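Dropping a structure here in structure tokens format, bear with me for questions.
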Protein chains: 2
Amino acid sequence: MQGPVKAPTIYDVARAAGVAASTVSRAFARPGRVNAATAERIRRAAAELGYRTGPLARAHDAGRTSMIALVLSDVTNPFYNEIIRGAQAAAAEAGYTVLLTDAQESGEREREALQRTMSTVEGIVLATSRMADPAIRAVARQRPVIVLNRVLTDLPCVVTDNRGGMRRAVEHLAELGHRRVTYAAGPQASWADAMRWWALREAAAELGLQARRIGPFAPVVAGGARAAAELCRGPVTAVVAYNDLMAIGVIRALSAAGVRVPEDTSVVGFDNIFAAELVTPALTTVAAPLHAMGFAAVRNLLAHTRGARTGSNEPVRLPSRLVVRASTGRGSG
Amino acid sequence: MQGPVKAPTIYDVARAAGVAASTVSRAFARPGRVNAATAERIRRAAAELGYRTGPLARAHDAGRTSMIALVLSDVTNPFYNEIIRGAQAAAAEAGYTVLLTDAQESGEREREALQRTMSTVEGIVLATSRMADPAIRAVARQRPVIVLNRVLTDLPCVVTDNRGGMRRAVEHLAELGHRRVTYAAGPQASWADAMRWWALREAAAELGLQARRIGPFAPVVAGGARAAAELCRGPVTAVVAYNDLMAIGVIRALSAAGVRVPEDTSVVGFDNIFAAELVTPALTTVAAPLHAMGFAAVRNLLAHTRGARTGSNEPVRLPSRLVVRASTGRGSG
DNA sequence: ATGAAAGCGCTAACAG
DNA sequence: CTGTTAGCGCTTTCAT
């Protein structure tokens with residue numbers, strides 16, 4: 001057993017090949033400017049030693065890495081699909097590459113990953129961060145940051161109009177004759193969750209509905225199923241879930257329990273993910289302009305990166321709309 | 001208009017704050033070890049100049065970045081979900097962080113992203129790469145690489161047993177009384193696609209079924225729908241799709257066209273993605289040990305990274321199994 | 001075509 | 001607590 005041997009440097013190769021380090025460097029970077037024979041000797045020596053260009057040195061003085069990081073709370077969540085695409089589109093437009101970082105729903109992991117990534121990127125988009133405000137500000141001190149789905153004063157943010165979307169959803173439910181709504185809450189650390197519940201209460205109050213809240217639950221199908229269990233206690237005719245994944249969970253669990261959707265109870269989701277129209281019944285949901293959000297985020301970020309002494313940092317608020325499908329129907333009153 | 005001004009260095013800050021560069025460094029890295037007042041002055045100066053720690057310098061001498069890259073042909077594809085989780089698990093175990101890179105189904109983008117990322121990571125997992133073999137080998141010369149879902153001689157690979165899986169699927173169909181199978185092909189650049197079609201032919205021949213192939217199609221729901229259109233020409237009782245997404249597309253399009261699944265035609269997918277059990281009818285599919293693949297890949301990679309003079313490079317072949325659900329049924333013969 | 005030497009921006013080791 | 005002095009591994013002048 002030897003333990004990890006120190007990786008060979010360019011100097012080791014130089015020595016082995018009997019040339020100067022600078023020549024080795026050239027041999028790799030500008031093969032044309034070096035004697036074919038010498039180049040060959042160098043290549044051979046390099047291969048022999050298993051030489052690899054050091055992790056961070058090469059670009060050391062280039063200064064620009066042309067990369068930005070997009071940090072997601074959970075890559076696995078289809079919610080991010082379009083956001084990612086939007087971000088990539090904006091990045092490509094400017095010749096940048098997007099590095100994806102997964103926080104695995106943990107503020108801790110997010111911090112750690114960020115710490116490692118930070119130094120290699122020119123800017124960072126925090127999508128639905130699970131970190132606390134101060135941690136985010138700390139990051140922002142190191143690199144230009146733009147926050148998605150959350151508002152922090154003095155930091156550039158891009159959010160959807162949760163309030164308007166929720167309003168539309170509740171109106172829809174009211175029009176169908178429902179007299180009370182239950183909100184199945186998502187993660188506590190989620191800024192959006194707080195906004196949605198708040199918005200639902202407001203809308204319900206104004207429209208004369210009764211509002212109730214259960215949760216929090218994990219923002220995944222299983223979480224929705226758990227919500228459904230709690231739901232059954234008490235007369236529920238309409239539920240709005242934190243997101244589509246949960247809504248799907250609710251529908252499935254409800255159906256399994258013999259409750260018909262939408263005849264017995266209506267279900268509304270949030271986000272309009274791809275699977276929303278795949279399930280049966282197809283999900284009525286509040287659609288966020290996902291692609292546009294990703295795009296706007298990176299656009300803004302790049303502007304800041306280019307040194308734009310940040311002007312006003314009013315959060316960019318993108319509109320959302322209600323997509324009515326089959327999971328909502330007449331309420332019994 | 002000024003153009004991007006050269007970014008301020010740690011020295012600029014030091015000068016502005018009237019301290020030594022090392023002190024500035026400390027102020028950022030170990031805030032405790034520096035006089036509060038001095039730290040404050042430094043922070044102020046840094047903020048004033050808009051100073052940010054240089055992209056690649058910080059870890060410069062650490063040598064190890066503790067990061068590996070996982071390159072995906074399409075992050076958006078749920079197929080990768082468990083692979084990602086597996087990779088992260090193995091990485092975490094070794095104190096590494098996984099950087100996700102999306103090739104957006106393009107060999108070109110993959111190359112470019114890789115070029116930028118490469119220097120910052122210690123190793124690379126290429127999952128379902130869209131690059132040509134030589135390009136992959138070129139990357140492997142720069143960093144330890146391990147290839148997923150594809151076999152390249154002399155490079156460490158991790159693949160699933162496509163052959164066995166397909167065999168099981170065809171047997172299943174045969175047992176149900178089907179006399180012919182159609183394969184709806186995926187992307188041409190896909191190594192797995194070639195393997196699957198080949199395996200289907202082999203199995204069909206041995207079991208006395210007729211095999212047909214249509215495609216290629218994009219490996220997404222829309223692609224499956226397009227496949228279904230072609231399917232309708234000719235008497236088809238059983239189809240195996242390149243992956244679950246396509247299979248779902250096939251089912252939906254078929255249903256829309258009045259063809260019942262599985263009564264009229266049976267559909268089998270590949271991968272057993274999350275949505276497979278969500279759709280109606282639930283999808284019969286060949287399940288790959290996704291999590292295990294991601295895990296094994298990173299494990300191996302890390303071993304190579306630690307300098308293990310690569311021994312035998314026999315591809316690691318993980319077993320797959322058939323998950324029978326509702327999309328397959330009795331064939332009319 | 002090649003070598004010597006001077007950095008790149010930052011951190012660590014060692015004195016004060 | 002803070003300044004000085006060496007590098008980190010590689011690239012880039014500038015000679016030769």
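This structure is a prediction, so every number in the text was calculated from the model and none was measured. Here is how names work: the chains are called A, B, and so on, in the same order as the sequence lines, proteins then strands, and each is numbered from 1.
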With DNA chain C as reference, determine whether A:V34 or A:Y11 sits nearer its 5' end, using the nearest nucleotide of each.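 Residue closer to the 5' terminus by nearest nucleotide: A:V34.
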
Listed partners of B:N81 passing side chain to side chain contact (heavy atoms under 4.5 Å, CB included), at least two apart: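 Listed in chain order: A:T76, B:P78.
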
How close or far is atom C1' of D:dG3 from atom CG of B:N35, stated in whole angstroms?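 Distance check: B:N35 CG to D:dG3 C1' gives 14 Å.
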
Can you sort out the partners of B:R41 under side chain to side chain donor-acceptor pair (under 3.5 Å), two or more places apart, ordered by chain and number?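 Result, side chain to side chain donor-acceptor pair (under 3.5 Å) vs B:R41: none returned.
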
Separation of B:R15 atom CZ from D:dG3 atom P, in whole Å?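 Checked: the CZ to P distance equals 14 Å.
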
In whole angstroms, how far is the C1' atom of C:dG3 from the CZ atom of A:R33?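 That distance rounds to 16 Å.
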
Between the base of D:dT4 and the side chain of B:S22, is one N or O donor paired with an acceptor at under 3.5 angstrom?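 Counting by modelled atom types and ignoring angles, a donor-acceptor contact under 3.5 Å is found here.
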
When you match A:A20 and B:I10 each to their closest nucleotide on DNA chain C, which lands nearer the 5' end?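 Closest to the 5' end, via its nearest nucleotide, is A:A20.
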
Any residue meeting side chain to side chain contact (heavy atoms under 4.5 Å, CB included) with B:A138, in chain and number order, not counting sequence neighbours: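 Here the qualifying residues are B:R141.
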
How bent is the helix from C:dA1-D:dT16 to C:dG16-D:dC1, comparing axes over its five end pairs at each side, to the nearest 10°?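 Helix axis angle between the two ends: 30°.
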
Hey, could you give me each pair passing salt bridge (Lys or Arg N to Asp or Glu O under 4.0 Å) that has a residue in residues 68-80 of chain A? Not counting sequence neighbours.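 For residues 68-80 of chain A: A:D74-B:R85.
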
Can you tell me how far CH2 of B:W191 sits from CG of B:N149, rounded to the nearest 0.5 angstrom?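 One gets 8.0 Å once the value is rounded to the nearest 0.5 Å.
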
Over how many whole Å does the gap from B:R26 atom CZ to C:dA13 atom C1' extend?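 From B:R26 CZ to C:dA13 C1': 10 Å.
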
Strictly by salt bridge (Lys or Arg N to Asp or Glu O under 4.0 Å), give each pair with a member in residues 24-35 of chain A just once, sequence neighbours left out.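 Every pair satisfying salt bridge (Lys or Arg N to Asp or Glu O under 4.0 Å) with a residue in residues 24-35 of chain A: there are none.
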
For the pair made of CZ in B:R30 and P in C:dT11, what is the distance, rounded to whole Å?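 Distance check: B:R30 CZ to C:dT11 P gives 9 Å.
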
When we call it a touch if two heavy atoms are under 4.0 Å apart, what does A:V24 touch: a base, just sugar-phosphate, or nothing?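 Answer is nothing: A:V24 stays at 4.0 Å or more from every strand.
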
Atom of A:V98, atom of A:Q88 and distance for their closest heavy-atom approach: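 For A:V98 versus A:Q88, the nearest heavy atoms are CG2-CA, 4.0 Å.
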
Check the distance between D:dC10's P and A:D12's CG and give it to me in whole angstrom.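 Rounded to the whole Å, the gap is 9 Å.
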
Distance check needed: C:dC10 P versus A:M118 CE, whole Å only.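 Rounded to whole Å, this separation is 14 Å.
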
Below 4.0 Å: OP1/OP2 of C:dT2 and any side-chain N or O of A:T38: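 So the side-chain polar atoms of A:T38 do come within 4.0 Å of the phosphate oxygens OP1 or OP2 of C:dT2, strictly under.
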
